[in-house]
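Numbered from 1 within each chain, the chains take letters A, B, ... in sequence-line order.
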There are 2 protein chains.
Amino acid sequence: MTKKWVEQNILISVDNVIFTIINDKLQILLVSRPIEPFKWQWSLPWGVVWDKETLEETAYKKLEEKTSVKNIYLEQLYTFSNIRRDPRWRTISTAYMALVSRENLTIKSSKAWRESKFFPVTALPKLGFDHKEIIEYAIKRLKWKLEYTNIAQYILPEKFTFTQLQNVYEIVLNQKFDVRNFRKKINSLWIIEETWEKEVWNQYRPARLFKFTNNNIEIVDVI
Amino acid sequence: MTKKWVEQNILISVDNVIFTIINDKLQILLVSRPIEPFKWQWSLPWGVVWDKETLEETAYKKLEEKTSVKNIYLEQLYTFSNIRRDPRWRTISTAYMALVSRENLTIKSSKAWRESKFFPVTALPKLGFDHKEIIEYAIKRLKWKLEYTNIAQYILPEKFTFTQLQNVYEIVLNQKFDVRNFRKKINSLWIIEETWEKEVWNQYRPARLFKFTNNNIEIVDVI
DNA sequence: CTAATAGTGTCTCTGAGACACTATCTA
DNA sequence: TAGATAGTGTCTCAGAGACACTATTAG
């Protein structure tokens with residue numbers, strides 16, 4: 001690759017905000033930093049962008065390093081460029097948001113990271129860099145996407161009950177919805193369909209299982 | 001600044017999509033490239049990010065180089081990172097969108113650019129790089145912002161008539177609205193208020209002038 | 001008084017939201 | 001048959017959209 005004609009001394013990296021729902025709480029994957037700065041503090045999993053990969057590729061690669069995931073949703077959020085966001089050197093970082101269903105997720109252990117752990121968004125530890133700001137931005141975007149698209153399918157298993165679907169909305173948007181109105185609204189949008197199967201585990205009346213009709217993200221006014 | 005520990009050979013730049021309305025058409029400022037690649041072709045005005053400025057600062061600086069503007073709106077859109085988007089070397093570019101009212105705008109001549117010119121979005125010339133894609137993304141974002149926020153104030157003069165306001169919506173969203181329903185809707189949102197002044201230029205019945213109530217961008221369901 | 005744009009009210013229909021009971025299953 | 005969750009229908013009210021005439025001004 002030709003040498004560029006301007007000297008820049010800026011590091012380009014990617015930060016991942018990985019969302020899932022565990023124990024009826026919206027959670028984010030954080031890693032404990034084994035090195036300075038912010039040694040032993042928690043931070044978002046991140047990666048340096050190599051010369052021959054796009055930002056998306058870096059983000060996806062880093063996601064795979066830490067998790068075993070199929071059917072993952074990845075979306076670019078925003079590029080953060082404050083001069084002093086990294087105390088060591090000038091770093092510009094593009095934040096990505098990922099959505100993972102609990103079922104499709106296993107956290108890989110890796111010697112590069114002392115520890116990876118999911119934290120509820122309501123109980124985040126102290127974070128290094130500007131990662132608090134990044135997470136706030138990501139939560140805002142996630143809420144918006146949930147309200148206006150069929151993105152919920154990426155937090156749910158492939159087949160799910162109406163109650164599970166409503167839980168996703170109630171947990172992420174942090175509000176209660178009336179059961180009848182919620183079902184009426186979802187049904188009117190034709191974004192999910194019957195699988196004609198039922199739950200098996202339930203001690204009581206088993207619920208019907210549904211799946212999303214369209215696996216592409218489409219704009220729908222859900223709530 | 002400490003030397004970063006990873007060798008990256010990536011150029012960081014900024015591309016500006018500058019919107020305004022001229023002659024009842026939505027237009028974008030393009031510059032004619034005096035150098036290769038894409039010599040003499042039109043492209044978005046762009047700038048290289050210096051080590052000690054944020055992306056926002058670069059975008060703003062470049063905007064000021066080309067235009068004399070007060071009261072400008074600037075918003076980060078997306079960061080484009082395809083490996084071969086610049087044929088010379090690896091370039092990652094963050095796109096910004098700017099909104100300018102015709103009244104607040106004068107295009108500066110600059111010897112760095114052979115020529116700057118506004119083009120209607122419906123009649124854009126052949127563009128270098130991935131600038132067509134960037135513009136399409138910017139138009140989508142602009143439409144969304146117009147529908148759901150009070151951003152229209154940045155394309156309008158400070159005081160404007162109801163007809164001018166409706167024109168902005170009709171031109172950008174490319175659809176007609178009923179005069180009565182449009183006014184009813186806008187009035188119900190309390191985002192504009194009377195100035196108790198009237199147009200003077202009009203040959204016929206002069207219209208009342210309004211101004212926006214709130215100069216911050218707020219989420220409002222306009223259309 | 002003519003020509004041209006500014007400005008206004010009503011009706012219908014759709015959809016959001018409030019609200020409570022019956023159905024189905026297991027043990 | 002008890003216990004627990006699944007599942008459903010109606011009414012009201014707000015707001016979107018269709019639609020046509022009067023008001024004001026300059027010349």
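- For the salt bridge (charged side-chain N to carboxylate O under 4.0 Å, His left out) test, residues two or more places apart in sequence or in another chain that qualify with A:Glu170 are A:Lys176.
- A straight line from CG of B:Leu165 to P of C:dA6 spans 13 Å, rounded to a whole angstrom.
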Per-nucleotide protein contact along nucleotides 22-27 of chain D, 5' to 3', at a 4.0 Å heavy-atom cut-off (B base, S sugar-phosphate only, - neither), is -BBBS-
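- Computed from coordinates, the A:Lys176 NZ to C:dC19 P distance equals 17 Å when rounded to whole Å.
- Evaluation of the ring pair (Phe, Tyr, Trp, His ring centres under 6.0 Å) rule for B:Phe119 yields B:Trp42 as partners, not counting sequence neighbours.
- Using a 3.5 Å distance cut-off with no hydrogens or angles, the side chains of A:Tyr169 and A:Glu147 do not pair a donor with an acceptor.
- With sequence neighbours excluded, the residues satisfying ring pair (Phe, Tyr, Trp, His ring centres under 6.0 Å) with A:Phe212 are A:Phe160.
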Side-chain donor-acceptor contacts of residues 187-194 of chain B below 3.5 Å, not counting sequence neighbours, with atom names and distances?
residue: B:Asn187; atom: ND2; partner: B:Arg183; partner atom: O; Å: 3.1
residue: B:Ser188; atom: OG; partner: B:Lys185; partner atom: O; Å: 2.7
residue: B:Glu194; atom: OE2; partner: B:Arg208; partner atom: NH1; Å: 2.5

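- Whole-Å rounding puts the B:Phe182 CZ to C:dG7 P distance at 13 Å.
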With B for base contact, S for sugar-phosphate-only contact and - for none (protein heavy atoms under 4.0 Å), nucleotides 8-17 of chain D reads BBB-----SB
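- As judged by a 4.0 angstrom heavy-atom cut-off over every strand, A:Thr161 is placed among residues making no nucleic acid contact.
- Contact annotation: the side chain of A:Thr20 never approaches that of A:Ser101 to less than 4.5 Å [non-hydrogen atoms, C-beta and beyond].
- C:dT5 atom P lies 15 Å from atom CD of B:Gln164, rounded to whole Å.
- With sequence neighbours left out, B:Tyr204 forms a ring pair (Phe, Tyr, Trp, His ring centres under 6.0 Å) with no residue at all.
- Every residue meeting the ring pair (Phe, Tyr, Trp, His ring centres under 6.0 Å) condition with B:Phe129, not counting sequence neighbours, appears here in chain and number order: B:Phe38, B:His131.
- C:dG7 atom C1' lies 13 Å from atom CD1 of B:Ile192, rounded to whole Å.
- Under the side chain to side chain donor-acceptor pair (under 3.5 Å) criterion, B:Gln203 pairs with no residue, sequence neighbours left out.
- Between the CZ atom of A:Phe177 and the C1' atom of D:dG7 there is a distance of 19 Å, given to the nearest Å.
- Side-chain N/O atoms of A:Thr163 include one lying less than 4.0 angstrom from OP1 or OP2 on D:dA6.
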